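First comes the structure, then the notes that go with it.
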There are 2 protein chains.
Amino acid sequence: MRVSTRARYGINAVFELAKNYQGEPIAIKTISERQKIPMQYLEQLIVKLRKAGIVNSLRGAKGGYTIAKKPKDITAWDVIACLEGAFAPIHCKRYEEEGCDHEDDCAGQHIWTKVNSSVMQAVENITFADLIKEFKEK
Amino acid sequence: MRVSTRARYGINAVFELAKNYQGEPIAIKTISERQKIPMQYLEQLIVKLRKAGIVNSLRGAKGGYTIAKKPKDITAWDVIACLEGAFAPIHCKRYEEEGCDHEDDCAGQHIWTKVNSSVMQAVENITFADLIKEFKEK
DNA sequence: TCATACCCAAGTGTTTATGTCAAGATTTGT
DNA sequence: ACAAATCTTGACATAAACACTTGGGTATGA
């Protein structure tokens, strides 16, 4: 099982902005340097975050990005779901494509359902306020 | 996030054998037909399962595979871990390779640790006895 | 002895993830 | 006006993982 770098980068980028809540906009370049994320790649990711209403952008000189909500109102799930498409839902490709004719016999269903729900529950309960708190305590 | 077909195939194959607990050996071909898994691919997977002590093999004519323990003593985790290598541990590649110099700043750690542990907990608590029970109830 | 079935190593094709690059258009502070 | 920055979008490159195949070898029951 694997989490894409997209999700990781996204979390880190939003974290960077969350720490700057109510501050001046931060440019992509700055974020990419601080969090060590390839700039042009981050650019692509952050577009999605903007469209999802997680970050705001400000164009022009002195522009950049700010976080669009209070850190406590953004969960890890929000970011992951936005970037990862179908993060938790581990689906049976076979089922989707051909219509699984051995559903009764499928041991997997039960397992993946449980995995999905436990992962979702985990990430839904982590907000960026939590992460900031965690960070400050160190 | 994604689970490989390896894990899915493995679960299904072991499930097939678990249902046959204390029965005659089942040939790979039979398993692959019943669970619709490419035979030669399954062959590779099942080698790992054997080496992990999850299944037993019997060579020669009338040979095949049997499950090596009681279904209640094999968890989904056992099978997944065996086939997937590093299933739950979502690691920071960056950290492993270069020694992450922004550890303090890394929002991810906290999240992935939680995700890992919740996934592990979920799959560790599912045994093949559970799956069989689930199956029979349908 | 022979068909059956496991055992093993290596090779192959495809897809996906992870970026990179280019080439502009647009907005805004100074 | 100019520079700084986001926006758009589309193509390209690459490497790794995945899924599967091939071609043998070896053990065993009948």
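For clarity, every value in this text was computed on a predicted model and none was experimentally measured. Values below: every heavy atom of this structure, side chains too, minus hydrogens, waters and symmetry copies. Proteins get letters first, then strands, A, B, ... in listed order; numbering begins at 1 in each.
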With sequence neighbours excluded, tell me which residues meet side-chain contact (heavy atoms from CB on, under 4.5 Å) with A:A122.
B:S118
So what does B:I46 hit on the nucleic acid, given a heavy-atom distance under 4.0 Å: a base, only sugar-phosphate, or nothing?
nothing
Partner set under side-chain contact (heavy atoms from CB on, under 4.5 Å) for A:P25, not counting sequence neighbours
A:L58, A:T66
Nearest-nucleotide pick for B:R50, side chain only, options being C:dC7, C:dA17, D:dT8
C:dC7
What I'd like to find out is whether the side chain of B:F128 reaches to under 4.5 Å of the side chain of B:D73, using heavy atoms alone.
no
Do B:I67 and B:V14 have side chains that approach each other closer than 4.5 Å (heavy atoms only, starting at C-beta)?
yes
Please determine whether a side-chain nitrogen or oxygen atom of B:S57 lies at a distance below 4.0 Å from atom OP1 or OP2 of C:dA5.
no
Between C:dA17 atom P and A:L83 atom CG, what is the distance in whole Å?
13 Å
Which residues share a side-chain contact (heavy atoms from CB on, under 4.5 Å) with B:K62, sequence neighbours left out
none
Please list each protein N or O that sits under 3.5 Å from an N or O in nucleotides 20-24 of chain C, with the distance.
{"unit_1": "C:dT20", "atom_1": "O4", "unit_2": "A:Q44", "atom_2": "NE2", "d": "3.0"}

If you look at every heavy atom in A:S57 and A:R50, which pair is closest and at what distance?
OG-CD, 3.4 Å
Could you tell me how far apart A:Y65 (OH) and C:dT28 (C1') are, to the nearest whole angstrom?
14 Å
Atom NZ of B:K48 and atom P of C:dC8: how far apart are they, to the nearest Å?
14 Å
Provide the full list of side-chain hydrogen bond (donor to acceptor under 3.5 Å, both in side chains) pairs with a residue in residues 119-137 of chain B, sequence neighbours left out, each pair given once.
B:T127-B:D130
Calculate the interatomic distance between B:R6 atom CZ and D:dA16 atom C1'; express it in whole Å.
12 Å
For C:dT18, does OP1 or OP2 lie under 4.0 Å from any side-chain N or O of A:Y9?
no
For C:dA17, does either OP1 or OP2 sit under 4.0 Å from a side-chain N or O belonging to A:T5?
no
Under 4.0 angstrom between B:S4 side-chain N/O and D:dC18 OP1 or OP2:
no
Is it true that the side chains of B:N116 and B:T113 contain a donor and an acceptor less than 3.5 Å apart?
no
Return a single string for nucleotides 24-30 of chain D, one symbol per nucleotide in 5' to 3' order, where B is base contact, S is sugar-phosphate-only contact and - is none, cutoff 4.0 angstrom on heavy atoms.
-BBBBS-
Does any N or O in the side chain of B:T5 come within less than 3.5 Å of the main-chain N or O of B:R8, such that one atom is a donor and the other an acceptor?
no
